[in-house]
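We count ligands from 1, going down the list as the structure has it; atoms in each ligand are counted the same way.
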Amino acid sequence: MIATDSVGRLFQEAAAQGAQPLWTVMEGMVPPHPEPKAVPHVWRYADMRPLLERAGRLVGTDDAERRVFMLVNPAMEAPHTTDTLYAGLQLILPGEVARAHRHVAFALRFIIEGDGAYTAVAGEKVTMARGDVILTPSWAYHDHGNEGSQPMVWLDGLDLPVYQFFPANFAQPYSAERYPSEPAPSDSHLKFSWAEMQARLDADTEPYAFAEYVHTQTGAPVSRVIGAAAERIAGRCSSPTRRETAGIVYHVFEGRGLTRVDGHVLEWQRGDTFCVPAWAPYRHEAARDTYLFRFDDRPILDAIGAYRAEHDGA
Ligand code: 1HN
């Protein structure tokens, strides 16, 4: 034993060996409650739409393989909209093609505006209409094109942040601009129409209704990482107060109101996108009849046994 030994000296010599004491930091590693880095935030369509329009004038699809503004959480960096989810707003103008590629990351699209554009996924050409949800499974070649006369805007949801932890995300360009495709069958498992989802929500006579998108081939959530759902809240009514270990991205399909998240008040209206961090209690209050689309990381949390939820039963 060295006579002058000390804790400081021990730590220094441990550091020189690439080792650190656990006991000084252990509480932070097993905190008493989840500690997401993301904060609640709203991206207003009234602010984002003009930026997309300018990007449409200034940047072509030759220079931007995907013309997207990422929705970056104010407390984090891209690609984080929440700790585990990525969201972005994508614009494609009439006549444009966003060229074919594929990647391990899963994507879903929620169509915000426009008509006459398509996304071709693994050989199925899927047409887009407002409110549709379109899936791009992992490793499926996909390109987007606008054969209509209106700009097309949609919300992209990807599991990209997950690949910050698992460096397993490859991407490949396709050898041509478009991957060969045929019109998708009307019952394609890649598309969920809004009409169908709204009918499910409206069939519930309660002031608040929740319905999950279920993959028509697997009967499971839409992907192994990301799940999606929609909610209806009648005007002057509220959702229950909930909290989940899932992070959530919400998009306002129709309506106006606010969401209370952990002391923050997020005001929103049609076209806006907002996020709810993991384990933050949240409650939606609708000023008028409202439909919300949401995606979350519940499937991957379920897979690792880490999904938990509480609600007030209201
Ligand atoms: C991507 O491939 C798309 O295909 C959208 O539309 C957003 C964000 C990061 C990486 C790949 C698309 C993306 C993306």
remark   = atom 2 (O) of ligand 1: closest protein heavy atom, distance to 0.1 Å, is H101 NE2, 2.6 Å

query = Side chain, backbone, both or neither: which part of T136 has a heavy atom under 4.0 Å from ligand 1?
reply = neither

inquiry  = How far is atom 13 (C) of ligand 1 from the closest protein heavy atom, and which atom is that?
reply    = L158 CD2, 3.9 Å

ask   = Taking the inter-plane angle between the rings of F293 and F110 on a 0 to 90° scale, is it parallel (under 30°), tilted (30 to 60°) or perpendicular (over 60°)?
value = parallel

query = For ligand 1, is M70 a contact, meaning one of its heavy atoms is under 4.0 Å away?
reply = no

query = If you look only at pairs with a residue in residues 264-274, which of them pass as a side-chain hydrogen bond (donor to acceptor under 3.5 Å, both in side chains), with sequence neighbours excluded?
reply = H251-T273, E254-R270, T259-W268

message = Give me the residue, atom name and distance of the protein heavy atom closest to atom 9 (C) of ligand 1.
response = L160 CD1, 3.3 Å

message = Counting only heavy atoms, tell me which of H103, R99, R66 gets closest to atom 12 (C) of ligand 1.
response = R66

message = Return the closest protein heavy atom for atom 5 (C) of ligand 1 as residue, atom name and distance.
response = D156 OD2, 3.4 Å

task = Name the orientation class of the two ring planes belonging to W154 and H144 (parallel below 30°, tilted from 30 to 60°, perpendicular beyond 60°).
result = perpendicular

Sub-4.0 Å atoms of ligand 1 with respect to non-hydrogen atoms of H144 = 4 (O), 6 (O), 12 (C)

query = Are Y208 and H284 near enough that their ring centres are under 6.0 Å apart?
reply = no

query = So, S223 side chain and I226 main chain: donor-acceptor pair closer than 3.5 Å or not?
reply = yes

key: Residue pair H142 / R109, side-chain heavy-atom distance below 4.5 Å   = yes

